[in-house]
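Taking it in order: structure first as structure tokens, then the write-up.
Worth knowing before you read on, the calculation uses all heavy atoms, side chains too, and leaves out hydrogens, waters and symmetry mates. Chain letters run A, B, ... following the sequence lines, proteins first and then strands; every chain starts at 1.
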Amino acid sequence: MAYTEEQLEKDLKNKKYEYGFYTDIESDKFPVGLNEDIVRAISAKKEEPEWMTEWRLEAFRNWVQMEEPEWANVHYEKPDFQNISYYSAPNSKPKYESLDEVDPKLLETFEKLGISLDEQKKLAGVAMDVVVDSVSVATSFKETLAEKGIIFCSISEAIQKYPELVKKYIGSVVPPKDNFYAALNSAVFSDGSFCYIPKGVRCPMELSTYFRINEAGTGQFERTLRIADESSYVSYLEGCTAPMRDENQLHAAVVELIALDNAEIKYSTVQNWFPGDEEGKGGVFNFVTKRGICEKNAKISWTQVETGSAVTWKYPSCILKGDNSVGEFYSIALTNHYQQADTGTKMVHIGKNTKSTIISKGISAGKSQNSYRGLVQINSRAHNARNFSQCDSLLMGNKCGAHTFPYIEAKNKTAQVEHEATTSKIGEDQIFYCNQRGIDEEKAIALIVNGFSKEVLNKLPMEFAVEAQKLLEISLEGSVG
Amino acid sequence: MLQIKNLHASVEGQAILKGINLEIKPGEVHAIMGPNGSGKSTLSSVIAGNEDYEVTDGDIIFERANISELSPDERAHRGIFLSFQYPVEIPGVSVTNFIKTSINQIRIARGQEEMPANEMLKKIKEKAELLEMDRKFLSRSLNEGFSGGEKKRNEIFQMAMLEPKLAILDETDSGLDIDALRVVSNGVNKLRSKDNAVLVITHYQRLLDYIVPDVVHVLMDGRIVKTGDKELAKELEERGYDWIKEELAASV
């Protein structure tokens with residue numbers, strides 16, 4: 001599956017968003033608008049227990065009283081929340097036991113995305129829980145996981161089958177009241193995935209889910225919950241693409257990670273949602289709340305490669321509650337054309353000897369605006385807490401912007417906080433040097449950008465690193481000029 | 001191999017090259033010497049196709065084709081190599097990764113297959129040894145934190161890997177200590193053959209003790225004012241450039 005130069009050449013020629021197709025699958029869709037009845041209907045549709053319905057309603061009541069945040073360095077026309085349909089599911093329910101039963105059009109879609117399940121199944125060690133328009137349609141490798149006692153299923157299924165786990169942990173890291181979009185998500189989330197790794201178990205494979213928005217005008221509200229019990233380990237990959245749409249699509253996901261004592265969670269994302277066209281028309285709004293909590297000696301590592309979306313608002317964070325816990329954030333955010341990204345992380349040090357590392361690489365091209373926003377907070381009892389932050393920005397051309405907003409709050413004198421930042425520009429001399437060695441401009445930029453992003457790309461699992469590298473190159477197509 | 005006819009070039013409206021004529025045949029080594037600001041580096045940049053310079057008149061013929069309108073990468077595909085006076089840094093891109101990309105891009109442009117990995121590795125090893133470069137060096141980011149000598153060594157390493165038809169060495173001796181000078185010159189000499197040519201641009205004669213030229217040109221104020229054999233270089237070393245200026249003044 002090695003990505004060849006020829007393939008890259010072909011991809012570079014393809015100027016348009018390459019996953020911009022639309023699959024015509026009959027959908028079961030709610031009318032537009034949001035009120036308590038819609039929230040109840042979603043809950044009923046999913047046959048949820050009473051406590052879940054109440055939890056959603058509580059979130060909805062909070063949301064109604066909240067204001068959409070405006071502090072981020074992004075400008076966009078606010079979505080009309082009463083003009084969104086809050087539930088849409090492929091008609092072909094229930095779930096399939098084998099691929100043969102899956103809607104062939106859906107399989108075709110996967111084919112185009114290059115993630116055919118058939119192929120994925122053969123690929124060593126990747127279990128797929130595919131989410132298309134809010135409902136899981138196919139799940140594989142479940143048995144292998146079940147043998148280890150690992151639960152990996154849709155959140156809806158988890159609510160039915162493992163209510164005690166869901167009840168205990170949902171909203172424990174991102175409370176429904178946390179922010180405007182988290183409250184909205186809590187009220188209306190349609191599906192998402194759930195994972196529980198039992199005590200002492202090392203998950204034998206990389207888990208992954210592919211998300212996709214597939215219905216015009218449908219907001220997607222995914223809910224993800226990961227629980228790594230004591231001394232367990234799990235690595236999770238998430239990749240996203242969306243079809244080309246003219247109107248803006250709202251995406252407001254919530255991801256919660258819980259790493260109990262001595263557990264470790266790695267969470268990697270490659271995000272490639274439709275960013276809008278060259279004129280800035282269309283594109284996905286991505287307002288995501290991702291947060292993890294670390295108990296004693298636990299570790300959470302976020303790695304993200306963000307190349308898509310018209311507007312991104314996303315801060316994967318770690319609450320380092322337990323002593324000696326570790327939080328990491330490795331990010332590449334690339335913006336082109338009229339894209340706007342405001343992304344970063346929060347590292348909240350509560351326990352003693354807690355450690356966090358932030359490596360953020362921002363690449364701005366076209367007329368895009370790319371902001372890093374980060375908070376390192378050392379609380380009063382976090383003795384000997386340490387943080388290292390590095391924020392590098394790379395600019396291409398002179399119509400884009402790179403911004404850095406690092407916040408540091410240290411309430412303990414023993415804290416050590418280091419922050420480094422650089423801004424550079426791809427120079428004509430670098431391009432000429434590459435040209436002189438027979439490397440054309442497009443390829444030269446890809447080479448320079450990949451070099452710039454290397455520290456973060458290296459943190460991704462191998463197959464994902466290749467995919468991410470390819471994405472960076474495709475995303476910069478047309479930025480030279 | 002290379003014919004330069006009445007070449008005029010300017011940068012930001014200021015004329016730098018004012019009618020260069022030069023012919024280099026396969027197998028030859030030419031040296032261009034001249035005082036600071038005479039246009040030596042401009043000439044090498046213009047041959048390589050640097051678009052910061054505007055060619056206002058004249059032609060560059062390479063292997064019987066007029067390349068004046070070709071982009072720098074197209075010229076590289078045809079076998080023109082420039083060893084930079086100031087090689088640029090590309091953070092995060094290793095020496096190995098860079099040369100691999102370069103070789104394969106050139107091969108693709110020529111309609112060839114990419115070089116098989118084992119052949120590539122073997123070649124890298126062989127050429128690195130030629131230039132007395134160690135393994136660790138190959139995995140470092142291109143030119144980042146390199147000493148002056150390391151940068152030049154890496155340029156000649158790339159030249160050895162690419163085996164160009166025409167190699168232009170722009171002040172390759174500047175910033176080199178005597179040992180590095182020996183290694184670099186040795187590398188260049190090993191690559192000389194009857195089919196390729198070298199254009200050495202230098203201030204000083206000392207490089208020419210190692211890379212012995214067939215023809216020496218003196219460049220002054222954008223023109224080649226004197227051409228001779230290797231003895232001319234020695235004479236320049238001893239007497240400087242003033243006597244040529246005087247000769248020129250007398251002949252007008």
Most contacts with chain B, counted as non-hydrogen pairs under 4.5 angstrom, among A/Ala444, A/Gly451, A/Cys434: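 Sorted descending by pairs with chain B, the first entry is A/Gly451.
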At a 4.5 Å cut-off on heavy atoms, which part of A/Tyr433 comes close to chain B: side chain, backbone, both, or neither?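 Contact with chain B involves both backbone and side-chain atoms of A/Tyr433.
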**Request:** Side chain from CB out, backbone as N, CA, C, O: work out which of these in A/Glu428 comes under 4.5 Å of a heavy atom of chain B, or both, or neither.
**Result:**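 Contact with chain B: side chain only.
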Q.
Quick check against the 3.5 Å criterion: does A/Gln436 have a side-chain atom that pairs as donor or acceptor with the backbone of B/Leu82?
A.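 Here the side-chain-to-backbone pair exists.
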Answer yes or no: is there a donor N or O on one side and an acceptor on the other, between the side chain of A/Gln430 and the main chain of B/Glu89, under 3.5 Å?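 Yes; judged by distance alone, with no hydrogens or angles, the pair exists.
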What is the distance from atom [atom1] of [X] to atom [atom2] of [Y], rounded to the nearest 0.5 Å?
{"X": "A/Ile448", "Y": "B/Leu142", "atom1": "CD1", "atom2": "CG", "answer": "10.0 Å"}
{"X": "A/Glu441", "Y": "B/Ser71", "atom1": "CD", "atom2": "OG", "answer": "9.5 Å"}
{"X": "B/Asn50", "Y": "A/Asn435", "atom1": "CG", "atom2": "CG", "answer": "9.0 Å"}

Between [X] and chain A, with a heavy-atom cut-off of 4.5 Å, which part of the residue counts as in contact: side chain, backbone, both or neither?
{"X": "B/Pro87", "value": "both"}
{"X": "B/Leu162", "value": "side chain"}
{"X": "B/Ile80", "value": "both"}

Notebook entry, point to check: What do the steps show when you test B/Asp73 against A/Lys443 for side-chain contact (heavy atoms from CB on, under 4.5 Å), and what is the final call?
Noted result: CA-CA 11 Å; B/Asp73 42 317; A/Lys443 185 76 190 163; over 6 Å; no
Return yes when atom [atom1] of [X] has more than 12 non-hydrogen atoms of other residues, nucleotides or ligands closer than 6.0 Å, and no otherwise.
{"X": "B/Arg78", "atom1": "CZ", "value": "no"}
{"X": "B/Glu69", "atom1": "CD", "value": "no"}
{"X": "B/Arg192", "atom1": "CZ", "value": "yes"}
{"X": "B/Lys123", "atom1": "NZ", "value": "yes"}
{"X": "B/Lys127", "atom1": "NZ", "value": "yes"}

Which atom pair, heavy atoms only, marks the closest approach of [X] to [Y]?
{"X": "A/Phe432", "Y": "B/Ala48", "result": "CZ-CB, 4.0 Å"}
{"X": "A/Arg437", "Y": "B/Ser102", "result": "O-OG, 2.8 Å"}
{"X": "B/Ala76", "Y": "A/Gly438", "result": "CB-N, 3.4 Å"}

**Asked** Taking it one step at a time, do B/Phe98 and A/Ile439 satisfy side-chain contact (heavy atoms from CB on, under 4.5 Å)?
**Response** CA-CA 10 Å; B/Phe98 185 76; A/Ile439 303 165; 3.8 Å; yes
